[in-house]
J.: 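I have a structure I would like to understand better, so I am pasting it below and will then ask my questions one at a time.
Sequential numbering from 1 along the given sequence is applied to the chain's residues.
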Amino acid sequence: MKAKNPQDTLTPYFDNSVTAVQQTFARLEDDYVLPIWDLLRTLFLAYPIPFVFFSILVALSFFPVLAFIIVSAATLSTALTLAVCLAFVFSTGVFLFLGGILAATLGFALLLSGFLTTFGTCAYLSGRLVLLLHRSGRSGFRVWYQEVIHLFFPSSAHLAPVGEDLYTSEDSGILVGQEVQDGLTPKIEPSSRELPDSVLNRAG
């Protein structure tokens with residue numbers, strides 16, 4: 001089978017395009033060009049002097065009017081572009097200004113929150129230390145220390161077991177006192193050396 005030549009395939013499309021263009025121009029000539037030409041010729045024959053005057057006026061005014069339209073369109077487009085740019089710049093400036101105020105407010109709130117939290121925590125711990133020292137003496141410091149550890153490190157905090165000896169002399173090995181847990185407030189019970197003689201005689 002013989003392959004078709006591409007030129008043979010394109011030729012009908014070219015001929016159809018040329019025919020369509022010719023028909024379009026012929027229609028324009030019949031519908032617009034010839035009627036306008038006939039009208040101008042009629043006007044020239046009827047009113048020769050006014051026709052010449054207006055023809056010259058139109059010819060001389062064509063380029064100024066065209067230039068005015070072009071300049072006006074360019075000015076309008078430039079003004080619109082500048083307006084859009086200025087609006088964008090103004091909006092960006094307002095956004096940055098308000099964003100700066102918001103950032104400064106949030107930063108001040110952050111610092112104030114940290115200060116108030118630190119102040120409240122210190123006041124609470126100081127009050128607890130004074131209260132525990134007033135109630136339990138020196139052993140209150142240990143309970144306060146455990147509360148501080150539990151407050152800042154909940155996972156590692158633990159209370160001393162009941163019956164743990166708190167105060168033991170390392171040099172003499174003499175037992176001074178034994179701690180008894182009652183809730184979180186420790187109490188110091190006297191050791192056997194601190195009991196009165198009458199109690200020891202009864203126990204004997």
J.: Can you pull out every ring pair (Phe, Tyr, Trp, His ring centres under 6.0 Å) where at least one residue sits in residues 42-62? Sequence neighbours excluded, please.
T.: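 Counting only pairs at least two positions apart or across chains, the ring pair (Phe, Tyr, Trp, His ring centres under 6.0 Å) contacts touching residues 42-62 are F44-F51.
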J.: Answer yes if L131 and Y145 sit in the same cluster of Ile, Leu, Val, Met, Phe, Trp and Tyr residues linked by side chain heavy atoms under 4.5 Å apart, and no otherwise.
T.: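 No, no single cluster joins them.
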J.: Near L39 CG, under 6.0 Å, is it more than 12 heavy atoms from other residues, nucleotides or ligands?
T.: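 More than 12 within 6.0 Å, yes.
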J.: So which atom in T117 and which in T121 form the shortest heavy-atom distance, rounded to 0.1 Å?
T.: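 Heavy-atom minimum between the residues: O-OG1, 2.7 Å.
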J.: Please say yes or no: joined through hydrophobic side-chain contacts below 4.5 Å, possibly via intermediate residues, are V130 and Y124 part of one cluster?
T.: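 Hydrophobic grouping puts V130 apart from Y124.
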J.: Could you state whether L40 and L45 fall into the same hydrophobic cluster, counting links through intermediate Ile, Leu, Val, Met, Phe, Trp or Tyr residues with side-chain heavy atoms under 4.5 angstrom apart?
T.: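 In one cluster: yes.
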J.: What I want to find out is whether D30 reaches R27 closely enough, with some N-O distance under 4.0 Å, to be called a salt bridge.
T.: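 Here D30 does not pair with R27 in a salt bridge, since their nearest N and O are not under 4.0 Å apart.
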J.: Do the side chains of F63 and L57 join up, straight or via other hydrophobic residues, at under 4.5 Å, putting them in one cluster?
T.: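 Cluster IDs for F63 and L57 differ.
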J.: Give a yes or no answer on whether the side chain of W144 reaches the backbone of L125 with a donor-acceptor pair at less than 3.5 Å.
T.: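 Yes; at least one donor-acceptor contact below 3.5 Å.
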J.: Tell me whether V33 is reachable from V58 by hopping between hydrophobic residues (I, L, V, M, F, W, Y) whose side-chain heavy atoms are closer than 4.5 Å.
T.: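 Not linked; separate clusters.
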J.: Checking side-chain contact (heavy atoms from CB on, under 4.5 Å) for the pair E147/L132: CA distance, chi angles, key distance, verdict?
T.: CA-CA 11 Å; E147 289 185 0; L132 291 174; 4.1 Å; yes
J.: Show me the side-chain donor-acceptor pairs of residues 77-102 shorter than 3.5 Å, one per line, residues at least two apart or across chains.
T.:
residue	atom	partner	partner atom	Å
S77	OG	A73	O	3.1
S77	OG	A74	O	2.8
T78	OG1	A74	O	2.7
T81	OG1	S77	O	2.7
S91	OG	A87	O	2.7
T92	OG1	F88	O	2.7

J.: Please give me the minimum heavy-atom distance between D31 and P35, naming the atom from each residue.
T.: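 For D31 and P35, the tightest heavy-atom pair comes out as O-CG, 3.4 Å.
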